[in-house]
Each structure stands twice: as structure tokens, then as C-alpha cells.
Number of protein chains: 2
Amino acid sequence: MGAMTKTQGRPRGFDRDAALERAMIEFWSRGYEATSIATLTSAMGINPPSLYAAFGDKRKLFHEAVERYAGTHGMVTVRALAEEPVARDAMARLLREAARVYSDPSHPPGCLVITAAVNVTSEEVKAELREGRAASKRAFEQKIQADVDAGRLPPDTDAHALATYYAAVVQGMSTQSCDGATREELEQVADLAMRAWPA
Amino acid sequence: MGAMTKTQGRPRGFDRDAALERAMIEFWSRGYEATSIATLTSAMGINPPSLYAAFGDKRKLFHEAVERYAGTHGMVTVRALAEEPVARDAMARLLREAARVYSDPSHPPGCLVITAAVNVTSEEVKAELREGRAASKRAFEQKIQADVDAGRLPPDTDAHALATYYAAVVQGMSTQSCDGATREELEQVADLAMRAWPA
DNA sequence: AAAGATCTGTAGTGATCGATACGAAAAGGA
DNA sequence: TCCTTTTCGTATCGATCACTACAGATCTTT
């Protein structure tokens, strides 16, 4: 069953992983609803039946594209929280990384998780990305609260408010990059945002 | 001609202004492309031919809705810059006002100018709202630079960077409110954002 | 070589998109 | 009372949406 590496029948004529990469770029650039099946098949270099056979439907393809984004481009911010032991260093690095990747001209601007489901009708699709953003915000709060508990931050620090603030800054940076902000401008935003850090 | 107040022919059977208000709410809530003519006519209580006779087409109706928004709900932030003589007071008031109106449950969350053209295909529509955001950002920068010139802010203050930062914060607050942030949370974001103010 | 399984491109499905043709209805001007 | 003008509701238009039926092509298995 699952251990079989060669299956009978005509083999797939395209690279599934490369096609998913193209689909992710399209969703990232245009958002979920504005990216039509015709747009996707054209970008992926395949026909609709191949898309549906390989990915199920548009909704499932989007889900895989989000997972792919989270495992690649979206990883840099998560890594900042995981690798930096001190919350302040983690947040400063996260903002600088965001400034860099949001303005990287080798792919669409901004963050897929923040923008791709805006103005989308499907509540299911909106909920999927909203949960992703909520998870990031919770990670911010936990990272901050950990340093409050460790005495590295004042005991009266409001971790929830601070996490909401930095979540808003990151989302604002994403929107600014979609409006054409340069890396330098985003880095200035990142530096200014760190002035709100306690004590 | 234009002075005529009574024109011959069957009179319009609906309130044009009230219908425009309903259309604005729909665009605000769902964005430009996700708001269909069927959605609009249903909300406005009219049929498609009445909409097209009174407003031209969907694009022109959206333009009028944006103008209406700018003249009503969008005015509160502009007024903060106009009425407060000191830039710091103006920005603090603008952020507090944004926290209040973005979370006002009597209308859709967030800011129409920030969200309604996200993931929209029409470059024309995107450009219209982008220009609105750019105008706000320029107003921020001018307000800040005026206080630098007046000596109320340090001479090395980077008005452009600061304006970009506050534009990002406002856009982030709009996104947060669409994700369900409360007025209290947004007010905390506003207060934290003011910690970045110079000196 | 024959059979079974899977992928491929062509060519569609019904639903919905923005936008309209058309005739009946309702007003003012003659 | 007609005639003109404008708006009204009904019933569409072609284009595009996500999605798929179908038959030929290409593989493994027997």
C-alpha cells in the first residue's frame, strides 16, 4: 500500500512539488478568490483535470500552498522566536527578518498568511489563515510572558497588549510592502517599533 | 438645465443617498470584488437597472462609496491632524480615534480605504485606494515635519520614517480589528505606538 | 501480447459574474 | 387628453467561475 514507490498506470507528467510552488506564488500574489483555476493551471503548466487529480480541489490546493508557505518563507519569523533566548532579541530579529522577506523582490510582497484571505467569501478559508495569525500572536505573548516570569521584563508588563501591538506592526509592515515600501523603510519601521519595548 | 429642480419623467422610486450608504457598507464589509451586483441590489433594495441608471456602473458606485466614506467615517482621523496644533497630540488622538471607530460595532470593522481593495484584480480600483493611503501618509509626514521645523521635535527626526511607521501601525490596527480585536486592545496598541515618538 | 490502472487534453457542465433589452408604469408639458 | 421623458421590474445577455465526463495515451501486471 503506502510503501509502494512505483504504482501502476500512466505516470504523472509534471513535477507535483514544482506545480505546488507555482500555485503558492499565485495565491500569495493575488489572494485565494482572485486566483482562478485558469490562472493556476496556466502558472502550473497543467490542465484542470491534472490539478484536480493531484490536489483534490481549489480549497485543498490552497491548504497545501499555505502549509508550504509556513514551512518555507513563513519559517523565518517563527525561527526568530525559537532561536533567540531573550524575548527582546527575538522580537527585534523577527521584525528585521520581516522587513527583509516582505520586500524581497524574488517573490510577491508581504505575507501570504496576512493578505491571501482578505475579502474572501469562504469562511473556511478566512478561518484557516486567521488561526495562523492567532497562533503567531499567541507565540509572541508566550515569548514575552516567559521573560516577564524570568524577571527579564518588569512584572507589570502586559504581555497580551504587547503581543497585540507587535502583531499589528507586522501586519502593517506587510500592508506597507504591498503598497511599495522599500526594505530600508520597513527596517526603519521595525527599529521604531522596538522603542515600545518595556523599560 | 442644472438649475432645474423638477425634471420630467417618472420620479426615482428610492432614496439615492440611502442606497449609496447601503452600498458603502457592503463594500466596506466584503471588499470591491467580493461584493456582487446581486449583493448590492439586495442591500440597496433596488433592481440592477435602477443601480446602473443612478450610479453608472459598479466601478463608479464604488468611487462614490469611497468618497462618502472619506467624507464621513474617514473624516475623524483627518480631523485629528487638522485640529490638533501639536503633531504629537494629533497622532495620539488619531490613533485613539482609529481604535474607537475601527472597533465600532455599528458598522463593519477596520478601514474601508485600507481593506476594500486588497486582493482586487482591477488595477484602477487598487490605485484609487492606494492613493488615499499615500495621501494619509503624506499628511502624517507633513504634520511631523512642521513640528521639526518649528523646533518642537529634534532636528534629526526622520519625518518620513516616522510617518511610514504610524501608517503601518494604523493599517495593522485595521487588520487586527478585522480579526476581532476589541476597542481596549486597539487602544493599548495606540498607546504603545506612541512610545516610538521622538525625545 | 492482453488486461487493468492512472494520467492526459478536449470540451464541456450548471452557476454566477457584470451589465442590458424591453415594455409597462408614472411623472410633466402640450 | 395625448406626447415625451424617465424609471420600473422581468428576463435575459455573453463571459467567466469551479469543476468534470470522456476517450485516447502510457504505464505496470499478468
Side-chain angles (χ1 to χ4, degrees), chain A residues 1-20 22-23 26-27 30-65 116-117 119-126, chain B residues 1-20 22-23 26-27 30-65 116-117 119-126:
Chain A
M1 299 221 356
M4 292 288 287
T5 204
K6 280 271 186 175
T7 172
Q8 71 173 356
R10 178 175 176 174
R12 183 178 286 128
F14 62 95
D15 184 339
R16 190 184 189 279
D17 211 53
L20 178 57
R22 303 286 189 87
E26 292 301 315
F27 282 130
R30 298 182 227 266
Y32 176 74
E33 244 162 24
T35 305
S36 68
I37 297 293
T39 300
L40 288 165
T41 53
S42 174
M44 299 162 86
I46 60 178
N47 293 113
S50 299
L51 186 152
Y52 283 90
F55 298 100
D57 59 10
K58 184 182 177 183
R59 173 73 187 84
K60 294 196 186 82
L61 172 59
F62 180 72
H63 178 71
E64 282 201 50
N119 290 326
V120 161
T121 304
S122 162
E123 280 299 329
E124 200 183 12
V125 170
K126 272 195 288 190
Chain B
M1 298 215 356
M4 291 289 287
T5 205
K6 279 274 187 174
T7 174
Q8 71 173 355
R10 179 173 174 175
R12 183 177 289 129
F14 64 95
D15 184 340
R16 190 184 190 280
D17 211 55
L20 178 57
R22 302 286 188 87
E26 293 300 316
F27 282 129
R30 298 182 225 267
Y32 177 73
E33 244 161 24
T35 305
S36 68
I37 298 294
T39 301
L40 287 165
T41 54
S42 174
M44 299 161 86
I46 60 178
N47 293 110
S50 298
L51 185 153
Y52 283 90
F55 298 100
D57 59 11
K58 184 182 177 183
R59 172 74 187 84
K60 295 196 185 81
L61 173 58
F62 180 72
H63 178 72
E64 282 202 50
N119 290 325
V120 161
T121 304
S122 163
E123 280 300 328
E124 200 182 14
V125 169
K126 271 195 288 191

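Values below: all heavy atoms of this structure, side chains included; hydrogens, waters and symmetry mates excluded.
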What heavy-atom pair brings [X] and [Y] nearest, and what distance separates the two atoms?
X	Y	value
A:Thr41	A:Leu51	CG2-CD1, 3.9 Å
A:Ala65	A:Phe27	CB-CD1, 3.9 Å
A:Arg30	A:Thr35	CB-OG1, 3.3 Å
A:Thr121	B:Ala34	OG1-CB, 4.1 Å

For nucleotides 3-5 of chain D, print each protein N/O atom paired with a nucleotide N/O atom at under 3.5 Å, atom names and distance only.
unit_1	atom_1	unit_2	atom_2	d
D:dT5	O4'	B:Gln8	NE2	3.2

Selection from [options] that lies nearest to any side-chain heavy atom of [X]:
X	options	answer
A:Lys58	D:dT20, D:dC19, C:dA27	D:dC19
A:Pro11	D:dT26, D:dT20, D:dT10	D:dT26
A:Ile37	C:dG9, C:dC7, D:dA18	D:dA18
B:Pro48	D:dC8, C:dT20, C:dG18	C:dT20

Starting from [atom2] on [N], measure out to [atom1] on [X] and report it in whole angstrom.
X	N	atom1	atom2	result
A:Leu40	D:dT16	CG	P	17 Å
A:Arg16	C:dT6	CZ	C1'	15 Å
A:Leu51	D:dC17	CG	C1'	14 Å
A:Arg12	D:dA25	CZ	C1'	17 Å
A:Phe55	D:dC19	CZ	P	14 Å
B:Ile46	D:dT10	CD1	C1'	15 Å
A:Glu124	D:dA18	CD	C1'	15 Å

Could you tell me if B:Lys126 sits above the aromatic ring of B:Tyr32, with its cationic atom closer than 6.0 Å to the ring centre and no more than 45 degrees from the axis?
no
Distance under 6.0 Å and angle within 45° of ring axis: A:Lys60 vs A:Tyr52
no
Option passing salt bridge (Lys or Arg N to Asp or Glu O under 4.0 Å) with A:Arg59 (candidates A:Glu33, A:Glu124, A:Glu123):
A:Glu124
At what angle, to 10 degrees, do the two end axes of the helix from C:dA1-D:dT30 to C:dA30-D:dT1 meet, given five pairs define each axis?
10°
Mind checking B:Thr41 for me? I need base, sugar-phosphate or nothing, with any heavy atom below 4.0 Å counting as a touch.
nothing
Select base, sugar-phosphate, or nothing to describe what B:Thr35 touches, counting heavy atoms under 4.0 Å on all strands.
sugar-phosphate
Report the residue (B:Asn47 or A:Asp57) whose heavy-atom-nearest nucleotide on DNA chain D is the more 5′ of the two.
B:Asn47
Using the closest heavy atom to pick a nucleotide of DNA chain D for each, name whichever of B:Phe14 or A:Ala34 lands nearer the 5' end.
B:Phe14
Straight-line distance of A:Leu40 CG to A:Leu20 CG, nearest 0.5 Å
10.5 Å
Can you check whether A:Tyr52 has a side-chain N or O nearer than 4.0 Å to OP1 or OP2 of D:dT20?
no
Side-chain N,O (A:Ser50) to OP1/OP2 (C:dT8) below 4.0 Å
yes
Would A:Glu26 and A:Leu61 count as a side chain to side chain contact (heavy atoms under 4.5 Å, CB included) here? Give the steps.
CA-CA 11 Å; A:Glu26 292 301 315; A:Leu61 172 59; over 6 Å; no
Set of residues satisfying side-chain contact (heavy atoms from CB on, under 4.5 Å) with respect to B:Arg16, sequence neighbours excluded:
B:Arg12, B:Ala54, B:Phe55, B:Glu64
